[in-house]
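To keep things clear, I will list the structure first and then write my remarks on it.
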Amino acid sequence: MTRVTINDIWEMKHKGEKITMLTAYDYSTAKIVDKCGIPLILVGDSLGDVILGYENTIPVTMDVMIHHTKAVVRGTAHALVIGDMPFMSYHISVEDALRNVTRFMQEAGTQAVKLEGGVTVADKVRRIVECGIPVMGHIGLTSQSINQFGGHKIQGKTPEAAKKLLNDALALEQAGAFAVVFETVPAPLATLVTQKLTIPTIGIGAGVGCDGQVQVINDLLGLFSDFVPKHAKQYAKLIDIMSSAITEYFEDVKAGKFPTEKQSFTMDESALEELKSR
Ligand code: KIV
């Protein structure tokens, strides 16, 4: 099976085919997502919230990202896997950004990286792309700047903020990003900016006018209840399914109904007899 490439993703935009992206953080889940044919898998720093239980993505380090990304890459054969550059892993200097991108490509085996920001990170994006590494941009309500935004606030609502979003998107395109994520921005603005760009836009809380959509898998499967964002749609309620399975197991163990013979192993009776006679 051949892996999806950034050329396939560009072709999808230009043929008007919608692009689907989903997060994954471990081997087993990545294997399912990959088998479903999802072309883009993001190992998002959202794992800080939904997997590790932090309040936000800021505590997530490169080591944590590499650990999870390796597992996701091992679970995939088809999807293009994108490693999410965590907090401050690409801000200090271009050299630092390149060192961390190298870790994603060499240690974890991703095919691309994603980073947050527009005009202010365009120099980093340009250098990474010049090294032959595909970069996905990410603008709008970017989690690593949550303290600057003062909470989960919709971005791009005023004329100045809308203009900033457009300028950031254009800066990423000019720097060579192969695609850009728009997070929590008004749908009409995301549609307009999508029409102005030649690279694909992937929305999360940015309406249907983007070229594609991304969701956090724990939101989509109903596996994370601490905070359910307005942009998430629960296609399943795994918390309910898991809770009833765990409760049934608990009851079975207490009642001596688990394990049965089916889950047990036998041995040669004579070996047992010999032991008894000792
Ligand atoms: O970390 C993440 O999951 C993301 C998506 C919300 C795009 O950045």
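Positions are given from 1 along the sequence.
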Point to revise | Where at least one partner belongs to residues 40-49, residue pairs that pass salt bridge (charged side-chain N to carboxylate O under 4.0 Å, His left out), sequence neighbours excluded | key: none
Check your understanding: Run the side chain to side chain contact (heavy atoms under 4.5 Å, CB included) check on Arg3 and Leu80 step by step: do they pass?
Key -> CA-CA 6 Å; Arg3 263 194 207 273; Leu80 189 152; over 6 Å; no
Practice item. Would you check if the side chain of Gln111 reaches a backbone N or O of Val81 as a donor-acceptor pair within less than 3.5 Å? Key: yes
Review point. Less than 4.5 Å apart, any side-chain heavy atom of Leu115 and any of Ile128?
Key: yes
Check your understanding: With distance as the sole test, does Gln144 use its side chain to make a donor-acceptor pair with the main-chain N or O of Met85 at under 3.5 Å?
Key -> yes
Review point. Taking atom types as modelled and ignoring hydrogens, do the side chains of Glu273 and Ser270 form a donor-acceptor contact shorter than 3.5 angstrom?
Key: no
Exercise for review: Using distance alone, with no hydrogens and no angle criterion, decide if Ser93 and Asp96 have a side-chain donor and acceptor under 3.5 Å apart.
Suggested key: no
Exercise for review: Look only at the side chain of Thr142 and the backbone of Ser145, and say whether a donor-acceptor pair between them is shorter than 3.5 Å.
Suggested key: no
**Study point:** Val228 side chain reached by Asp219 side chain, heavy atoms, under 4.5 Å
**Key:** no
Point to revise | Interatomic distance, Leu197 atom CG to Leu170 atom CG [nearest 0.5 angstrom] | key: 6.0 Å
Exercise for review: Would you check if Lys164 and Asn167 make a side-chain contact, meaning some heavy-atom pair closer than 4.5 Å?
Suggested key: no
**Study point:** Full working for side chain to side chain contact (heavy atoms under 4.5 Å, CB included) between Trp10 and Ile199
**Key:** CA-CA 7 Å; Trp10 280 330; Ile199 57 170; 4.0 Å; yes
Revision key, fill the gap. Shortest non-hydrogen pair, Ala187 vs Gly207, comes out as CB-CA, 3.7 Å
Point to revise | Candidate pair His152 and Leu141, rule side chain to side chain contact (heavy atoms under 4.5 Å, CB included), full reasoning | key: CA-CA 7 Å; His152 292 93; Leu141 180 60; 4.1 Å; yes
Practice item. Spell out, yes or no, whether Leu22 and Val50 are grouped together once hydrophobic residues are joined by side-chain heavy atoms under 4.5 Å, including indirect joins. Key: yes
Review point. Does a side-chain heavy-atom distance below 4.5 Å link Tyr90 with Glu116?
Key: yes
Check your understanding: Just wondering, more than 12 heavy atoms not from Gln263 lying within 6.0 Å of its CD?
Key -> yes
**Study point:** Any donor-acceptor pair under 3.5 Å from Thr23 side chain to Ile217 backbone
**Key:** yes
Study note, to complete from the structure: Heavy atoms of Pro200 and Ile19 approach each other most closely as CB-CD1, 3.6 Å
**Study point:** Tyr25 side chain reached by Ser46 side chain, heavy atoms, under 4.5 Å
**Key:** yes
Point to revise | CD (Glu17) with more than 12 external heavy atoms under 6.0 Å | key: yes
Practice item. Indicate yes or no: at least one non-hydrogen side-chain atom of Met136 is less than 4.5 angstrom from one of Val181. Key: yes
Exercise for review: Under the side chain to side chain contact (heavy atoms under 4.5 Å, CB included) rule, what do Ile204 and Met21 come out as? Steps first, then yes or no, please.
Suggested key: CA-CA 10 Å; Ile204 176 162; Met21 177 158 115; over 6 Å; no
Point to revise | Cluster overlap Val94 with Ile133, hydrophobic side-chain contacts below 4.5 Å | key: yes
Check your understanding: When you check the gap from the basic side-chain N to the acidic O, do Arg127 and Glu130 get nearer than 4.0 Å?
Key -> yes
Review point. Does atom CE of Met242 have more than 12 heavy-atom neighbours from other groups under 6.0 Å away?
Key: no
Check your understanding: Any side-chain heavy atom of Lys18 within less than 4.5 Å of one from Gln213?
Key -> no
**Study point:** Short side-chain to backbone donor-acceptor contact, Asn218 and Phe224, under 3.5 Å
**Key:** no
Review point. Where is the tightest heavy-atom contact between Gln174 and Arg126, given as atom of each residue plus distance?
Key: O-NH2, 3.9 Å
Check your understanding: Is a side-chain donor or acceptor of Asp252 paired with a backbone partner of Lys257 at a separation under 3.5 angstrom?
Key -> no
Check your understanding: Under 6.0 Å from the CZ atom of Phe250, do we count more than 12 heavy atoms belonging to anything else shown?
Key -> no
Practice item. State, to 0.1 Å, how close Ala175 and Ala122 come at their nearest heavy-atom pair, and which atoms those are. Key: CB-O, 3.5 Å
**Study point:** Thr29 side chain to Asp26 backbone, donor-acceptor under 3.5 Å
**Key:** no
Check your understanding: Counting only heavy atoms not in Lys254, do more than 12 sit closer than 6.0 Å to its NZ atom?
Key -> yes
Review point. Taking all non-hydrogen atoms of both residues, which atom of Met65 and which atom of Val60 are closest, and how far apart?
Key: SD-CG1, 3.5 Å
Exercise for review: Kindly indicate whether a cation-pi arrangement holds for Lys31 with Tyr27, taking the cut-offs as under 6.0 Å to the six-membered ring centre and within 45° of the axis.
Suggested key: no
Exercise for review: Would you kindly say whether Asp8 and Thr5 are connected by a side-chain donor-acceptor distance under 3.5 Å?
Suggested key: yes
Review point. Around atom CD1 of Ile154, are there more than 12 heavy atoms of other residues, nucleotides or ligands at under 6.0 Å?
Key: no
Exercise for review: Look only at the side chain of Thr201 and the backbone of Val180, and say whether a donor-acceptor pair between them is shorter than 3.5 Å.
Suggested key: no
Review point. Between Val43 and Asp84, what is the shortest heavy-atom contact and its length?
Key: O-CB, 3.1 Å
Check your understanding: Is the closest side-chain heavy-atom distance between Thr194 and Phe182 below 4.5 Å?
Key -> yes
